[in-house]
Each structure stands twice: as structure tokens, then as C-alpha cells.
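These notes concern the structure reproduced below.
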Amino acid sequence: MNAAEVSKRLHKSATFAIHSLHGVGPLLVLLAVTLSACGDKPPQPAAAAAPPVTVAQPTKRTVTDWDEFTGRFDAVEEVQVRARVGGFVTNVEFKDGDMVHAGDLLYIIDPRPFEAVANQADGQLADARAKAELAKRELDRGLNLVQTSAVSEQVVDQRRQALQAAHAAETIAEGALKAAQLNIEFSHVMAPITGRVSRHLVSIGNLVTGSDNGGGTLLTSIVSLDPIYIYFDVDEATYLKNNKLWFEGKRPSSRENPNPVQVTLTGETRPSHEGKMDFLDNRLDVSTGTLRSRAVIPNKDLSILPGQFGRVRLIGSTPYEALLIPDTAIATDQSRKIVFVVKDDNTVEARPVVLGPLDEGLRVVREGLKAEDHVIVDGIQRARVGAKVTPHAASPGGKP
């Protein structure tokens, strides 16, 4: 029953009472009017409470800006192991994918033909030495006899020429022997560097061809792993920015200083390896507008392989004092970034900010905030500009 119906019924009862009881009429009329007036006013709703939010002051600490790029790892040293002499492979002395050291035996090519040639060259050398010794003795005798005119000067000259020819033949024989010994040495294929070897490309019993000009049969390959290079391309805008900072004395040049880098591998959320700059190219690539750069990364556990990708962070400034807030406190208003600040009267104010990079999970704020501001870090969806809120302090670190 609504208030109008209650009022109507009370009015009828009061009229009936007036006609029936003339002595108490005024009292009943007053009661009816009072009840009617009370029924016409609905109850008033309670005032809405200010929504709760979590606030925190910006964190102040010394930070360093980093520029980030995508890079690919490459070996510092890489060797294609090829045969330098031809013959049949008699032994494979390594396991596919093993770590090998410089000087380790990898292959044996049948050395017997080269040993036979070496023996022949050794005999030729011995013959040449004997002939040289005979020619020297004959020259000595000729020099003694020419003093008594027993032989002519022409004979002495001929013997001197014979000795010189014998020495030449001896030198040729020595060279032939050394070449034969080298072939024996080349029949034992050694690892030229320390690194991880690939699979064997030639099995026992196969015939390989040898060459000293790169045409020999490819046997396997070796790549060094510690340290390892990472190559990345710096865009022109970043290069110009860093160059300007160098001219202003705010950042050391990577050409002259081994600036630090940090590397994040695929699947990681934070850098796991550190290194230093090693090389900047002398020109920008005209097709991409980027500058090829290189850093050296220690790889003691040999976990990084050539060909892997990684995110490279290169130092982009000298250390400076900065204010930082959680990324969750940042909102977007069309093309600008804003944060919500609670003022002293607990009302909300939208503050435009200029942001910097992330540093240990917090976002650098370059402009727009002061250290004493109270920023809403949780509950920004409940905040309205100009409206009051109930602020609660966040735990240390800016987390609600």
C-alpha cells in the first residue's frame, strides 16, 4: 500500500469520526493530518563512500638507460677441416659433436704411400750428399795440384762448378724429403683450434682428395664457443643519439671503450649474460640504414651456440637519478601517458608524464612527477578525476 492510499483511508476515517464523535473531533483531525504528512515523504538514500585505492610514492634511485636490439651469436673462430693430401681414410678419431682441443687427432689418411716417397727422397738426399762430398775432395786435390802446375786452372774451375752443382742437388733432395715428410704429417688430420666439432662427413674406407688451395675434401668443421660473438644492427636514430651523447661527454663511445652489454636469451625474462662491445662497422648499410655492431660474451658453460638469437642491451647513458613507478600505474589518454595522483584533500588528479625505459621491473618517469607525489598504483579503474578516494599506502617496492 503506497502513501497516497494510506492518506486517503486515514482521511475517510477522520471524517467518519468527526460525524460520530463531535467531542473529540479536533484531536482526530490532527492525528489524520500528521499521519498523512508522514506518508508523503519517501526515505532519503545514504551518501556513497569514497572508493578505496592503493597509493605509493615514486621510487628514487640511480639508473642507467639501455638501448635494446636483436642479435645473433656467431663463433669467434670457425674452421672447415679439409684434406691436404689424397688417399683412403683409415681412421676417424673423434665422436660427432665432441669438444676437441687444438692438436687433437681427427682423421688418419693411409700414410704408406707418403712414407714410401719419403724413403725414396731420403735415399736421394744421401746420394746427393755423397756426390757433394766427392766433388769437394776433388776440388781440394785440384787446388793443391794447380800450385805445381800438375793440373790447369780450367780443371780447377770445372771441379769447383761440379761441387756447386752437387750442393744444389743436395738442397733439392732435402726439399723433396721435407715435402714427403709433410705429406706424412698431413695424412694425420689434426684439430687446428679448440672448439666443438661437427659430425664426420667422410667415413672409413672413402677416398679423399687433397689440396692446399681449398679444393680438398671437406671432412668436418669446428667452431669455438668461449668466448662467443653476438652481432646486432643499430638503427641510425640510436647511432645519432649516442654520437650526440659522446660529443656532450655524457656517454663513452663504443669505438674507443669496451662499453658493457647485457644479453637475454630466448625464453628468458631478464639478462643472463654480460659482455662488452668489440666492434663497430665503418659505414651504415644503405639498404637497412643500420650499423653492424659486435660484442664479446663469455660462454664458460658452453650453453650458447653459434646461430642462436638474443636480445642485446647496450648502455645508452651515464648513471643518473630517476623516479620510477610500476607499469600498472600508467594509463593512456589518447596519445599521451598519464598517472593518477591523490592530492592532500584525497581528490584525484590526472598527471601527464614522459616515460623512460624499464629498470628492474619499474618504469622510469622522466617528466611529470615529483618524489613526494602519491600515485595510484592499484584501483585506477575506481578513480575519477576530481572525485574523492580513500587512499591506502602500498607495501615497500610500490606493490599493493
Side-chain angles (χ1 to χ4, degrees), residues 71-125 172-232 265-266 273 275 278-279 292 294-310:
R72 183 188 289 272
F73 290 98
D74 200 3
V76 174
E77 295 181 297
E78 181 176 359
V79 175
Q80 291 185 336
V81 181
R82 296 181 179 272
R84 300 185 66 177
V85 293
F88 285 94
V89 175
T90 59
N91 293 83
V92 178
E93 300 291 337
F94 67 93
K95 183 180 178 182
D96 293 357
D98 266 357
M99 285 295 298
V100 296
H101 297 83
D104 286 354
L105 181 62
L106 302 179
Y107 282 90
I108 297 179
I109 300 171
D110 189 0
R112 291 175 297 175
F114 311 111
E115 291 171 352
V117 173
N119 291 335
Q120 182 180 1
D122 192 26
Q124 291 174 347
L125 176 59
I172 293 173
E174 288 177 349
L177 178 60
K178 288 181 180 179
Q181 290 171 341
L182 279 176
N183 286 338
I184 295 175
E185 182 180 337
F186 294 155
S187 68
H188 291 68
V189 182
M190 305 291 187
I193 62 171
T194 298
R196 191 174 298 281
V197 68
S198 181
R199 64 185 180 90
H200 66 281
L201 302 178
V202 178
S203 301
I204 295 174
N206 283 284
L207 180 66
V208 298
T209 58
S211 174
D212 282 332
N213 57 11
T217 302
L218 180 62
L219 304 176
T220 188
S221 62
I222 304 174
V223 293
S224 64
L225 295 179
D226 183 31
I228 193 167
Y229 286 146
I230 184 166
Y231 286 91
F232 56 97
L265 302 180
T266 302
H273 293 74
D278 176 67
F279 163 76
R292 176 55 57 93
R294 183 179 72 194
V296 180
I297 309 297
N299 188 26
K300 300 297 183 182
D301 58 358
L302 309 181
S303 61
I304 304 175
L305 296 178
Q308 281 185 234
F309 284 98

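Everything numeric in this text was worked out from a predicted model, so none of it was measured.
Scanning all heavy atoms of the two residues, the minimum distance from A118 to A180 falls at CA-CB, 3.4 Å. Taking all atoms of both residues into account, the shortest heavy-atom contact from A191 to H101 is CB-O, 3.5 Å. Nearest heavy-atom pair, Y107 versus L201, reported as atom, atom and distance to 0.1 Å: OH-N, 3.5 Å. Nearest heavy atom pair, residue S211 against residue G216, reads CB-N, 3.5 Å. Summarising the geometry of S303 relative to N299, their closest heavy-atom pair is N-OD1, 3.2 Å, with the distance given to 0.1 Å. Across all their heavy atoms, V208 and V85 have their closest contact at CG2-O, 4.0 Å.
You'll find the side chain of P306 reaches within 4.5 Å of the side chain of L225, heavy atoms only. Residues N206 and F88 have side chains not in contact (no heavy-atom distance under 4.5 Å, counting atoms from C-beta outward). Side-chain contact check for I109 versus T90: every heavy-atom pair is 4.5 Å or farther apart. Between D96 and V197, every side-chain heavy-atom pair lies at or beyond the 4.5 Å cut-off. You'll find the side chain of V81 reaches within 4.5 Å of the side chain of I222, heavy atoms only.
Checked by atom type, the side-chain pair T220/S198 shows no donor-acceptor distance below 3.5 Å.
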Can you list the steps and then say if M190 with L105 is a side chain to side chain contact (heavy atoms under 4.5 Å, CB included)? CA-CA 5 Å; M190 305 291 187; L105 181 62; 3.9 Å; yes
Any chance you could lay out the side chain to side chain contact (heavy atoms under 4.5 Å, CB included) test for T266 and Q308, step after step, and finish with the verdict? CA-CA 8 Å; T266 302; Q308 281 185 234; over 6 Å; no
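One finds the CG atom of L219 at 8.0 Å from the CZ atom of F94 (value rounded to the nearest 0.5 Å). How far CG of L182 is from CZ of R84: 8.0 Å, rounded to the nearest 0.5 Å. Taking CG from L177 and CD from Q124, the interatomic distance works out to 9.5 Å, rounded to the nearest 0.5 Å. Taking NE2 of H188 as the start and CD1 of I108 as the end, the distance is 4.5 Å to the nearest 0.5 Å. In this structure, CZ on R199 lies 15.5 Å from CG on D98, to the nearest 0.5 angstrom. Here the CD1 atom belonging to I230 is positioned 10.5 Å from the NE2 atom belonging to H273, to the nearest 0.5 angstrom.
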May I have the list of side-chain donor-acceptor pairs in residues 71-80 shorter than 3.5 Å, sequence neighbours left out?
from, atom 1, to, atom 2, distance (Å)
R72, NH1, G307, O, 2.9
Q80, OE1, R82, NH2, 3.2

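Checked by atom type and distance alone, the side chain of N119 never pairs as donor or acceptor with a backbone atom of A116 at under 3.5 Å. Between the side chain of N183 and the backbone N or O of F114 there is no donor-acceptor pair closer than 3.5 Å. No donor-acceptor pair closer than 3.5 Å links the side chain of N91 to the backbone N or O of I204. Between the side chain of T209 and the main chain of G86, no donor-acceptor pair closer than 3.5 Å is present.
Using a 4.0 Å cut-off between charged nitrogen and carboxylate oxygen, D226 and K300 count as a salt-bridge pair.
Residues forming a salt bridge (Lys or Arg N to Asp or Glu O under 4.0 Å) with D301 (at least two apart in sequence, or on another chain): none.
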